[in-house]
Structure formats: structure tokens, C-alpha cells
Amino acid sequence: MQVKRFSVSLEEDLFRDLDEMVERNRFPNRSRAIGYLIRKYVVDEQWGDNREVAGAIVLVYDHHKRELQSHSTDVQHEFHDLILSVQHVHLDHSNCLETIAVKGLAGDLKRLADRLIAIKGVKHGQLVMTVKD
Ligand code: NI
């Protein structure tokens with residue numbers, strides 16, 4: 001396969017971590033170590049879908065957009081079997097922070113998170129997943 005070259009800029013501590021990783025794992029060079037990390041990232045992204053995981057969906061949205069709340073509640077009812085708890089915090093006059101604890105198959109959690117994050121008026125949303133083993 002053809003090799004592409006590019007230059008990488010790293011903060012000094014990350015650069016030291018990379019060199020330490022190269023030495024500890026005996027990579028022949030930094031390029032191989034970076035290639036390994038990219039492949040690992042790709043695998044981590046893919047293994048998920050049929051694995052049982054737990055996690056949290058964090059949403060920040062504008063409390064003044066009323067239709068957003070009912071839309072969000074509709075979606076949460078649709079996926080009720082994945083949702084363990086919902087914590088709502090009124091951040092300030094207009095912003096709400098919602099933390100939704102979830103458990104289920106990673107693929108299902110991603111679908112739920114995508115549906116919630118896509119709702120108009122959601123300013124920021126993120127899904128964090130973890131495994132028990
Ligand atoms: Ni609120």
C-alpha cells in the first residue's frame with residue numbers, strides 16, 4: 001500500500017509520551033506507533049455495537065424552546081428500556097443541563113444519543129460509554 005507522509009505537531013509532554021510508548025512497546029519508529037494508535041481507535045469505534053455497555057448522555061439546551069422538551073421526552077419514552085435515570089439541572093436563566101444515565105447495547109445507545117443530540121435547540125450533546133469488564 002502507498003505510504004503518505006505528513007508532519008505532526010505535538011505538545012512537548014505528548015511528544016515525550018509518544019517516545020516512551022515507542023520505547024516500551026519497541027515500535028521501530030514513531031510512524032508505526034501512530035499507525036497503531038489510529039488502528040486501535042478504529043477498532044474501538046467498531047467493536048461497540050453489539051456489546052452491553054453503560055454510560056451517560058449529556059445534553060445542554062435552551063430552556064425557552066418549549067417544543068424541545070416535549071420532543072426530548074417523546075424520544076426518551078420511545079427508548080425507555082435503555083434509560084436508568086435522568087437528572088435535570090437549571091444551569092442559568094436560559095440553559096438546562098440534562099444527564100441521562102443509560103444501559104444497553106452500544107449501538108442502541110448511539111441511536112438514542114443521535115436522536116436526542118439532533119433535536120433542534122440542543123446546543124451540545126455527548127454520549128460517554130464504558131464497559132464493566
Ligand atoms: Ni432547566
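Atoms within each ligand, like the ligands themselves, are counted from 1 in listed order.
The distance from atom CG of Leu18 to atom CZ of Phe27, rounded to the nearest 0.5 Å, is 9.0 Å. Annotation: the span from Leu68 atom CG to His63 atom NE2 amounts to 11.5 Å, rounded to 0.5 Å.
A heavy-atom distance below 4.5 Å is found between the side chains of Ile100 and Leu59. Side-chain contact between Val122 and Leu116 is absent, with no heavy atoms from C-beta onward closer than 4.5 Å.
For His88, the N, O or S atom with the smallest separation from the Ni ion (ligand 1) is NE2. Between the Ni ion (ligand 1) and the N, O or S atoms of His90, the shortest distance is to ND1.
Among the backbone and side-chain atoms of His63, none of the N, O or S atoms lies under 2.8 Å from the Ni ion (ligand 1).
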